[in-house]
Amino acid sequence: MKILVTGGAGYIGSIAVEKLIEAGDSVVVFDNLYQGHRDAVHPDAAFVQGDLADRAAIDAVMREHKPDGIMHFASYTLVGESVQKPFMYLRDNVVNGSNLIESAVEHGVRRFILSSTANLFDDPERMPIDENERIVPGSPYGESKYILERYLYWMDRLYDFRYACLRYFNACGATAVRGEDHTPETHLIPLVLQVALGQREKIIIFGDDYNTPDGTCVRDYIHVADLADAHIRAMRALDGGSRKYNLGNGRGFSVKQVIETAREVTGHPIPAEIGPRRAGDPDILIASSETINHDLDWKPQYPELRQIMEMAWDWHQKHPHGYEK
Ligand code: UDP
């Protein structure tokens, strides 16, 4: 298939592109390089630098490349930032996604994978969180993804548009050649590895008085290559109908476990200090992937935190200042 990947120069998108190309698909990347990196784009992918706010630019890509399907990763993605800057999320993520979906409908593209979020489930009743959990977006970020999920629902009803929404928490890890490079970096694993690289003095643990075994937050860390695989399987399955899947590692790891594993893998003492809680952090977040396992035979190939950390560490050592630097 020919797949248009928005955000294909970003962390998860670039690794989805890598895996699509390995699987024999042809890929067009559309990315404004706001957070993405030109060097992250697989050399065999066509690259268009453009912004989803620019409807004419999207239409031009649809006309020129005639994709069979779309994977939509391009988005602002930070929960905390979305609380500070709600319009950046509620307006831009929604308008940009809507431009893409509308252009797809008008150009006859009928397959769409939305890289959604598990931030749809604030205050869940059951853990791990499955697809039957009540949707209560936890932030303007989560809400922006939910609005796009609803858009897709109507496209399916009105235009036979087939879509899948994939909801997940903490993407992490790296392939041999692509990894995580955000500016500014806010995520736990790359921050911890920056300490190991000597680029930061210490890591601050955001609170150790949570209701968890060691008092620090438990999260579902899922390898990017596993996420890429899920996106590809979902794309192939769309002729059988639209769907929504939660994706998870199957278990959670605490902030202290992440830091301890990083110490083992890097051999660096990684000084850590307890700081105040970060607003909006629940005790435990773990997603259930039973449905996608059942439907698409997907399960994580890299469920071990140690392996995830080793792959991330390998990439960070080879790219101590990220891409292009
Ligand atoms: N965290 C931390 N110190 C940091 C960054 C993150 O203790 O410098 C914690 C954060 O509170 C959360 C977990 O690490 O419990 C994962 O946070 P991250 O920002 O990586 O991902 P999120 O869960 O927000 O998507």
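Just so you know, ligand 1 is whichever comes first in the structure, and atom 1 is the first atom listed for that ligand. What you see is a predicted model; the values in this text were computed from it and never measured. All values below come from the heavy atoms of this structure, side chains included, with hydrogens, waters and symmetry mates left out.
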Out of V195, V192, L188, whose heavy atom is nearest to atom 20 (O) of ligand 1?
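Nearest heavy atom to atom 20 (O) of ligand 1 lies in L188.
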
Query raised in the report: Evaluating non-hydrogen atoms only, which member of Y221, Y168, F206 is closest to atom 16 (C) of ligand 1?
Result: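 The residue whose heavy atom sits nearest atom 16 (C) of ligand 1 is Y221.
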
Discussion item. Is a donor from one side chain sitting under 3.5 angstrom from an acceptor on the other, for D283 and T212?
Written reply: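 The criterion, which ignores hydrogens and geometry beyond distance, is not satisfied for T212 and D283.
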
Item to complete: Please determine, by modelled atom types, if D295 and Y245 share a side-chain donor-acceptor pair under 3.5 angstrom.
Response: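 Result is yes, a qualifying pair exists.
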
Looking at [atom], what's its closest protein heavy atom, distance included?
| atom | result |
| --- | --- |
| atom 11 (O) of ligand 1 | D281 OD2, 2.5 Å |
| atom 15 (O) of ligand 1 | C217 CB, 3.1 Å |
| atom 9 (C) of ligand 1 | V255 CG2, 3.8 Å |
| atom 17 (O) of ligand 1 | R278 NH2, 3.6 Å |
| atom 23 (O) of ligand 1 | N170 ND2, 2.9 Å |

Next on the checklist: On the six-membered ring of Y163, is R111 placed so that its NZ or CZ lies under 6.0 angstrom from the centre and within 45° of the ring axis?
Outcome noted: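 Cation-pi check for R111 and Y163: fails.
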
Proximal atoms of ligand 1 relative to [X] (non-hydrogen, under 4.0 Å):
| X | result |
| --- | --- |
| R219 | 15 (O), 23 (O) |
| I203 | 8 (O) |
| L191 | 8 (O) |
| I205 | 7 (O) |

Under 4.0 Å, heavy atoms only, figure out whether ligand 1 is touched by the backbone of H187, its side chain, both or neither.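 Answer for H187: both.
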
**Item:** Part of T186 with heavy atoms under 4.0 Å of ligand 1, whether side chain, backbone, both or neither
**Value:**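 The answer is the backbone of T186.
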
ask   = Should the ring pair Y76 and Y34 be called parallel, tilted or perpendicular, given that the plane angle runs from 0 to 90° and is split at 30 and 60?
value =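 If you compare the ring of Y76 with that of Y34, the planes turn out perpendicular.
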
Stepwise salt bridge (Lys or Arg N to Asp or Glu O under 4.0 Å) check, D229 with K299: CA-CA 9 Å; D229 177 37; K299 64 172 188 301; over 6 Å; no

Do any nitrogen or oxygen atoms of I204 come within less than 3.5 Å of a nitrogen or oxygen of ligand 1?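 So ligand 1 has an N or O lying under 3.5 Å from an N or O of I204.
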
Exercise for the section: Before giving the answer on side-chain contact (heavy atoms from CB on, under 4.5 Å), spell out for I70 and I3 the whole-Å C-alpha distance, their side-chain angles and the decisive distance to 0.1 Å. Expected result: CA-CA 5 Å; I70 297 172; I3 309 295; over 6 Å; no

### Euclidean distance, R134 CZ relative to L120 CG, rounded to 0.5 Å
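The CG atom of L120 sits 12.5 Å away from the CZ atom of R134.
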
Self-check item: G173 to A312 - nearest heavy-atom pair and separation
Solution: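 Smallest heavy-atom distance, with atoms named: CA-CB, 4.1 Å.
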
Got N246 and F121 here, is their nearest side-chain heavy-atom distance under 4.5 Å?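 Touching, per the 4.5 Å side-chain cut-off.
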
